[in-house]
Colleague: 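Here's a structure for you.
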Amino acid sequence: MPKNKYKLQSVLDVRDRAKQEAMRHVAARRAQLAEAEAELARRLGALEDCRRRQREAREAMLREIEPGAEARRLVAHRTHLADLRNMEGELTERVEEQRAAVVRAEGELEQALAALVEASKEVQAIEKHREEWGRQERRVEQRREQKLTDEIGAIMHGRKRNEKRDE
């Protein structure tokens, strides 16, 4: 007798594909977060480098002031320091923008993980149903086989009884 086909197999296949897609989405979001964090680290490094250059420029200016530097050189140093401060402000803005991007990426990753958990639960529910259906099918098959075995046994017993009567 042919085995019955699981009637919800197509639903299981669709949910399994949704779960696979959710897993790909999570992987993409993790990569996006890693990129955002790497960019944040790069921007923080650039900001720290700018601050280091400001300290060095300030120290150089102070060294030149002590022996009595020319006014035009002092103006050049102050202009350079002002440029570095402006650059620091721009870099600080970029760092804050990237921090916001990291927070967004983390949020998107959390959403993707939640979707993956939901998809996994849906697949599990159908798989659990399929397992129960399989157990039920096996019980029905075992009952059929037992009934067939009982009928064969009854026929065999009836034949033996008839053979003994005929003797």
Side-chain angles (χ1 to χ4, degrees), residues 1-61 77-155:
M1 182 175 269
K3 286 195 169 194
N4 293 337
K5 184 178 181 223
Y6 182 55
K7 293 178 182 177
L8 296 178
Q9 186 62 44
S10 59
V11 173
L12 179 60
D13 293 342
V14 167
R15 288 187 179 177
D16 193 45
R17 280 192 298 274
K19 179 182 173 186
Q20 296 301 319
E21 181 60 31
M23 289 171 68
R24 282 189 290 279
H25 192 66
V26 165
R29 294 298 159 238
R30 281 193 175 136
Q32 178 185 17
L33 177 59
E35 287 177 23
E37 287 174 338
E39 178 63 16
L40 177 60
R42 189 191 66 73
R43 289 182 183 188
L44 284 170
L47 178 61
E48 187 55 40
D49 184 52
C50 180
R51 288 177 179 161
R52 179 190 51 76
R53 289 176 30 205
Q54 278 184 42
R55 281 191 305 272
E56 290 172 357
R58 197 175 304 116
E59 289 169 3
M61 183 180 77
H77 277 293
R78 292 190 71 180
T79 303
H80 181 63
L81 279 172
D83 289 344
L84 287 174
R85 279 191 213 102
N86 288 339
M87 184 187 297
E88 179 186 14
E90 290 173 12
L91 289 171
T92 301
E93 267 183 43
R94 290 181 185 162
V95 164
E96 291 308 314
E97 289 171 0
Q98 193 59 33
R99 280 193 176 127
V102 167
V103 168
R104 276 193 309 276
E106 287 172 343
E108 290 174 2
L109 176 59
E110 289 299 319
Q111 289 175 345
L113 286 170
L116 175 59
V117 167
E118 186 61 32
S120 294
K121 285 180 182 178
E122 290 176 357
V123 168
Q124 262 185 331
I126 294 295
E127 285 177 345
K128 188 174 180 180
H129 181 268
R130 183 178 64 180
E131 289 171 9
E132 181 58 36
W133 173 81
R135 282 192 290 274
Q136 198 171 23
E137 286 293 307
R138 283 190 294 281
R139 282 193 297 268
V140 166
E141 186 61 31
Q142 286 173 349
R143 284 188 209 122
R144 263 191 226 123
E145 289 175 6
Q146 185 63 44
K147 185 177 177 183
L148 186 61
T149 303
D150 290 347
E151 288 176 5
I152 291 172
I155 292 170

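Keep in mind that this is a model prediction, so the values were computed, not measured.
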Colleague: Who pairs with Arg99 by salt bridge (charged side-chain N to carboxylate O under 4.0 Å, His left out), at least two apart in sequence or on another chain?
Modeller: Glu96
Colleague: My understanding is that only one of Arg85, Glu59, His80 makes a side chain to side chain contact (heavy atoms under 4.5 Å, CB included) with Gln54; could you say which?
Modeller: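 Testing each of Arg85, Glu59, His80 against Gln54, the sole residue satisfying side chain to side chain contact (heavy atoms under 4.5 Å, CB included) is Arg85.
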Colleague: Apply side chain to side chain donor-acceptor pair (under 3.5 Å) to Gln146 and list each qualifying residue two or more places apart in sequence or on a separate chain.
Modeller: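 Gln146: side chain to side chain donor-acceptor pair (under 3.5 Å) contacts with Asp150.
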Colleague: Passes side chain to side chain donor-acceptor pair (under 3.5 Å), Gln9 versus Asp13? Steps please.
Modeller: CA-CA 6 Å; Gln9 186 62 44; Asp13 293 342; 2.9 Å; yes
Colleague: Could I get the full list of side chain to side chain donor-acceptor pair (under 3.5 Å) partners for His129, not counting sequence neighbours?
Modeller: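 Listed in chain order: Tyr6.
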Colleague: Taking salt bridge (charged side-chain N to carboxylate O under 4.0 Å, His left out) as the definition, give me every residue that meets it alongside Glu132, ordered by chain and number, with sequence neighbours left out.
Modeller: Arg135, Arg139
Colleague: Enter the distance from Glu88:CD to Asp83:CG here, rounded to the nearest 0.5 Å.
Modeller: 13.0 Å
Colleague: State which residues pass side chain to side chain donor-acceptor pair (under 3.5 Å) with Arg143; sequence neighbours excluded, sorted by chain then number.
Modeller: none
Colleague: So do Arg55 and Leu84 actually touch side chain to side chain, heavy atoms under 4.5 Å?
Modeller: no
Colleague: Show which side-chain atoms of residues 18-26 pair as donor or acceptor with protein atoms under 3.5 Å away, not counting sequence neighbours.
Modeller:
{"residue": "Glu21", "atom": "OE1", "partner": "Arg24", "partner atom": "NE", "Å": "3.4"}
{"residue": "Glu21", "atom": "OE1", "partner": "Arg24", "partner atom": "NH2", "Å": "3.0"}

Colleague: Show me the pairs that pass side-chain hydrogen bond (donor to acceptor under 3.5 Å, both in side chains) and involve residues 103-128, at least two apart or across chains.
Modeller: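 Every side-chain hydrogen bond (donor to acceptor under 3.5 Å, both in side chains) pair that includes a residue of residues 103-128, provided the two are not neighbours, is Gln32-Glu108.
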Colleague: Distance-only criterion, 3.5 Å: show the donor-acceptor pairs between side-chain atoms of residues 33-48 and protein atoms not counting sequence neighbours.
Modeller:
{"residue": "Glu39", "atom": "OE1", "partner": "Arg42", "partner atom": "NE", "Å": "3.1"}
{"residue": "Glu39", "atom": "OE2", "partner": "Arg42", "partner atom": "NE", "Å": "3.4"}
{"residue": "Glu39", "atom": "OE2", "partner": "Arg42", "partner atom": "NH2", "Å": "2.5"}
{"residue": "Glu39", "atom": "OE2", "partner": "Arg43", "partner atom": "NE", "Å": "2.8"}
{"residue": "Arg43", "atom": "NH1", "partner": "Arg94", "partner atom": "O", "Å": "2.8"}

Colleague: Could you tell me which residues satisfy salt bridge (charged side-chain N to carboxylate O under 4.0 Å, His left out) with Arg78, sequence neighbours excluded, listed by chain and number?
Modeller: none
Colleague: Can you tell me how far CZ of Arg29 sits from CG of Leu113, rounded to the nearest 0.5 angstrom?
Modeller: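 Reported value, rounded in 0.5 Å steps: 11.5 Å.
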Colleague: Going by side chain to side chain donor-acceptor pair (under 3.5 Å), name the residues that satisfy it together with Arg52, two or more places apart in sequence or in a different chain.
Modeller: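 Arg52: side chain to side chain donor-acceptor pair (under 3.5 Å) contacts with Asp49, Glu56.
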Colleague: Sequence neighbours excluded, which residues qualify as side-chain contact (heavy atoms from CB on, under 4.5 Å) partners of Ala114?
Modeller: none
Colleague: For Arg138, enumerate each residue passing the salt bridge (charged side-chain N to carboxylate O under 4.0 Å, His left out) test, keeping only those at least two apart in sequence or located in another chain.
Modeller: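 Not a single residue meets the salt bridge (charged side-chain N to carboxylate O under 4.0 Å, His left out) criterion with Arg138.
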